[in-house]
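Residue numbers begin at 1 in each chain, while the letters A, B, ... track the order of the sequences.
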Number of protein chains: 2
Amino acid sequence: MDAVFHALANDTRRTMLERLAEHQLTVGELAEPLEMSLAAAAKHVTVLERAGLIRKSARGRQHVCRLDPAALASADAWLRFYERHWNRRLDALETLYRTEPESAAKDG
Amino acid sequence: MDAVFHALANDTRRTMLERLAEHQLTVGELAEPLEMSLAAAAKHVTVLERAGLIRKSARGRQHVCRLDPAALASADAWLRFYERHWNRRLDALETLYRTEPESAAKDG
DNA sequence: GTTATCCTCAACCATATGGTTGAGGATGCG
DNA sequence: CGCATCCTCAACCATATGGTTGAGGATAAC
C-alpha cells in the first residue's frame, strides 16, 4: 500500500498511468514526451511496476507496459472505506452547526 | 496532488488519518501509541497538514488535529476518474478473450 | 513565581528518491 | 556479419525523507 501511494505521488508517474489507461505503451513511448533521459523514465516505470500498478512484458527489444488495475483498486478501496467516516463526521458537524453554532465553531 | 499521495504513502500517517476519522486528537494523543519520539510524530502531522489532509488549531498548549476531507476527496476523484478507463479496458479485454482468445493472449 | 507539560524548532544522521552519464545486452535490420 | 535501436544496469550526485537529540516557547498547575 505504501508502494502504491508512493507511486501515485509523482506527476510524471500519474501521467504515465493516464496514458496507459488509453493504450498499452512501450517504455520508449512513455519516455518520449518527457523532458528527461530514457533511463530516468525507465526508473519511473520500475516504480509503477514494483507497486503492482503496471505489468511489463518483452516484445522483441521493446518492453510493453500495460495497466494492472488491482493495485489501484486497493488504493481506491482504502479511500472509499475512510470516506464513509469522513462523511459521517461532516454530517455530524453540519448537524452541530444547525443546533449549536457556537460550539460547532469551536470544533471547526 | 503530489503532496496528498505522498502523505498517504506511509503507514504511520494513514493510521493517524484512520484515528482522526473517529475523533479529533491532539498531537500528543496521535504520538502516544507510536514507537517514535514526539518530534518525529509531529513531523508526520506536519506532512498531513501541508497536504491539506488535516487542520491543526491551538487549544491552550495542546494542538488539536482534525480531518479535512477536501484533499482526500481530490485523491479519491483522481482514482475514480481513471477507474472508469480501467474498467473500460478490462471490459474490452474480456470481450476480446471471448471472441479472439489468441489475440487477447498477446495483448495480455 | 516556579515548575511541569505540550509542542515546535534546529541540527544532525542514515537512507531513499529523482535525476544524470556511460557501458552493454538483446533484438531487429541491411 | 555489422550496425542501429530499445532498454537495463551501475555509478554517481543533489536533495528529500524519516528518524534522533537537545533547547526553548507558551501554557497550565501549584
Between the side chain of [X] and the main-chain N/O of [Y], is any donor-acceptor distance below 3.5 Å?
X	Y	value
A:R59	A:V64	no
B:R14	A:W78	no
A:E29	A:T26	yes

Below the 4.0 Å mark, does [N] have OP1 or OP2 next to a side-chain nitrogen or oxygen of [X]?
X	N	answer
B:H44	D:dG18	no
B:S37	D:dT20	yes
A:N10	C:dT17	no
B:H63	C:dT8	yes
A:K56	D:dT8	yes

Between [atom2] on [N] and [atom1] on [X], what's the gap in Å once rounded to a whole number?
X	N	atom1	atom2	result
B:D11	D:dG19	CG	P	11 Å
B:L38	C:dC9	CG	P	12 Å
B:D2	D:dT17	CG	P	11 Å
B:E49	C:dC7	CD	C1'	13 Å
B:L34	C:dC7	CG	P	13 Å

5' precedence on DNA chain C between B:K43 and B:E29 (nearest-nucleotide basis):
B:E29
A:R50 or A:R61, whichever maps to the more 5' nucleotide of DNA chain C
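Nearer the 5' end of the strand: A:R50.
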Quick check for you: among [options], whose closest atom lies nearest to any side-chain atom of [X]?
X	options	result
B:M36	C:dG18, D:dG19, D:dC7	D:dG19
A:H6	D:dT8, C:dG18, C:dT8	C:dG18
B:Q62	D:dA29, C:dC7, C:dT21	C:dC7

Contact class for [X] (heavy atom, under 4.0 Å): base, sugar-phosphate, or nothing?
X	result
A:A40	base
A:R59	nothing
B:A39	base
B:T26	sugar-phosphate

Restricting to non-hydrogen atoms, name the atom on A:L30 and the atom on A:C65 that form the minimum distance, rounded to 0.1 Å.
CD1-SG, 3.9 Å
Can you tell if the side chain of A:L67 reaches within under 4.5 Å of the side chain of A:L53, non-hydrogen atoms only?
no
